[in-house]
Amino acid sequence: MSKGSGRLALLLSGRGSNLGAFLRAQQTGQLQGSVEAVISNRPDAAGLKIARDAGIATATVDHTLYESREAFDEVLAQKIDGFEPDVIVLAGFMRILTANFVDRFRGRLINIHPSLLPKYRGLNTHQRALDAGECEGGATVHFVTADLDEGPGILQTPVPIEDGDTAASLANRVLPFEHQLYPHAANLVLTGQVSLSKRGAVWNDEILPPGGQIWKPNCQ
Ligand code: GRF
């Protein structure tokens, strides 16, 4: 992988606020690469407009047009390969990917999940954290492997839960942290500082904890 000038393809299904964060990081020189393509499984995803307005190539692979996950994933993989990305960034991409797809991009496929993994894999993470009486929520950037939300963590940032928080208020407080965390974590992969091994994510020859290294935006 080229150091510091990598190509990113970003996959999304919805509003694209994390895409916006990558574009801001790119504009301010804080991203060690460039967003070359945005691909969505939903033709109406708001994130596609953000990409078009920024002059970035877009593509849609509408999952409703394919009879199987395998067929959809094959076309999606071909579309991704056409942009020759170094790293593929899942940012609110709401499709479960097949093991074949994940293996094809092994070590180059990353995701952001709105919890402190390994806690609260899957959906409704903030509500589940509140229901469990947690004192903090957060977000984790991790390598994607065939098991949903179980890939080795790269970085995670904790966010305090406050009295009276609802799932919506907690999600709103976590989101700006995601926006700082995700480009930073992508840089670690783009520059080869963090990589995926059979034993987990590796940084400076050390295996990171399952959820990744704790990261706090203003304390580095
Ligand atoms: C984020 O909360 C992310 O953690 C989750 O999906 C959401 C995507 O938001 N995986 P956006 O489309 O980037 O605004």
Side-chain angles (χ1 to χ4, degrees), residues 8-27 30-31 35 37-54 56 58-63 76 87-97 101-102 105 109-130 134 136-145 147-161 165-186 189 211-212 214-217:
L8 294 173
L10 190 144
L11 275 56
L12 53 74
S13 302
R15 70 188 160 184
S17 71
N18 278 284
L19 166 62
F22 272 86
L23 297 179
R24 285 192 296 279
Q26 187 175 325
Q27 279 157 10
Q30 291 171 297
L31 187 66
V35 180
V38 172
I39 304 173
S40 180
N41 64 308
R42 297 184 59 104
D44 59 349
L48 286 172
K49 181 174 182 327
I50 296 174
R52 284 189 208 107
D53 288 350
I56 292 167
T58 62
T60 301
V61 184
D62 183 347
H63 66 278
L76 180 64
V87 174
I88 300 109
V89 172
L90 304 183
F93 186 67
M94 302 302 285
R95 298 295 301 165
I96 292 173
L97 297 161
F101 179 97
V102 169
F105 299 112
L109 186 60
I110 60 176
N111 181 47
I112 190 161
H113 183 76
S115 79
L116 296 175
L117 291 173
K119 286 184 172 180
Y120 311 116
R121 298 176 174 125
L123 299 174
N124 302 322
T125 54
H126 299 304
Q127 187 60 55
R128 287 158 60 211
L130 291 172
E134 300 281 1
E136 59 186 15
T140 304
V141 176
H142 63 97
F143 285 110
V144 177
T145 58
D147 301 308
L148 185 66
D149 301 331
E150 290 199 19
I154 300 168
L155 288 182
Q156 64 180 192
T157 191
V159 178
I161 288 176
D165 256 340
T166 61
S169 67
L170 181 55
N172 284 338
R173 188 160 344 98
V174 170
L175 195 62
F177 286 86
E178 292 188 26
H179 295 163
Q180 295 189 60
L181 176 75
Y182 208 177
H184 191 74
V189 181
I214 301 288
W215 185 77
K216 294 180 182 173

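None of these values were measured; they are calculated from a predicted model. Whatever order the structure lists ligands and atoms in, that order sets their numbers, starting from 1.
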Validation row: Leu97, Leu90 side chains within 4.5 angstrom (heavy atoms):
yes

For ligand 1, protein residues within the heavy-atom limit of under 4.0 Å are Arg15, Gly16, Ser17, Asn18, Gly92, Ile112, Pro114, Glu178

N-O pairing of Asp165 and Arg173 below 4.0 Å:
yes

Report all side-chain donor-acceptor pairs from residues 149-158 shorter than 3.5 Å, counting only partners two or more places apart or in another chain.
| from | atom 1 | to | atom 2 | distance (Å) |
| --- | --- | --- | --- | --- |
| Asp149 | OD2 | His113 | ND1 | 3.4 |
| Asp149 | OD2 | Gly122 | N | 2.7 |
| Gln156 | NE2 | Leu117 | O | 3.0 |
| Gln156 | NE2 | Thr140 | OG1 | 2.9 |
| Gln156 | NE2 | Gly211 | O | 3.4 |
| Thr157 | OG1 | Trp215 | O | 2.7 |

side-chain contact (heavy atoms from CB on, under 4.5 Å) evaluation trace for Phe93 with Leu76
CA-CA 12 Å; Phe93 186 67; Leu76 180 64; 3.8 Å; yes

What verdict does the side-chain contact (heavy atoms from CB on, under 4.5 Å) test give for Leu123 and Met94, after you've listed the backbone C-alpha separation in whole Å, the side-chain angles of each residue and the deciding distance to 0.1 Å?
CA-CA 10 Å; Leu123 299 174; Met94 302 302 285; 4.0 Å; yes

Just verifying a value: how many Å separate Leu31 CG and His184 NE2, rounded to the nearest 0.5 Å?
12.0 Å

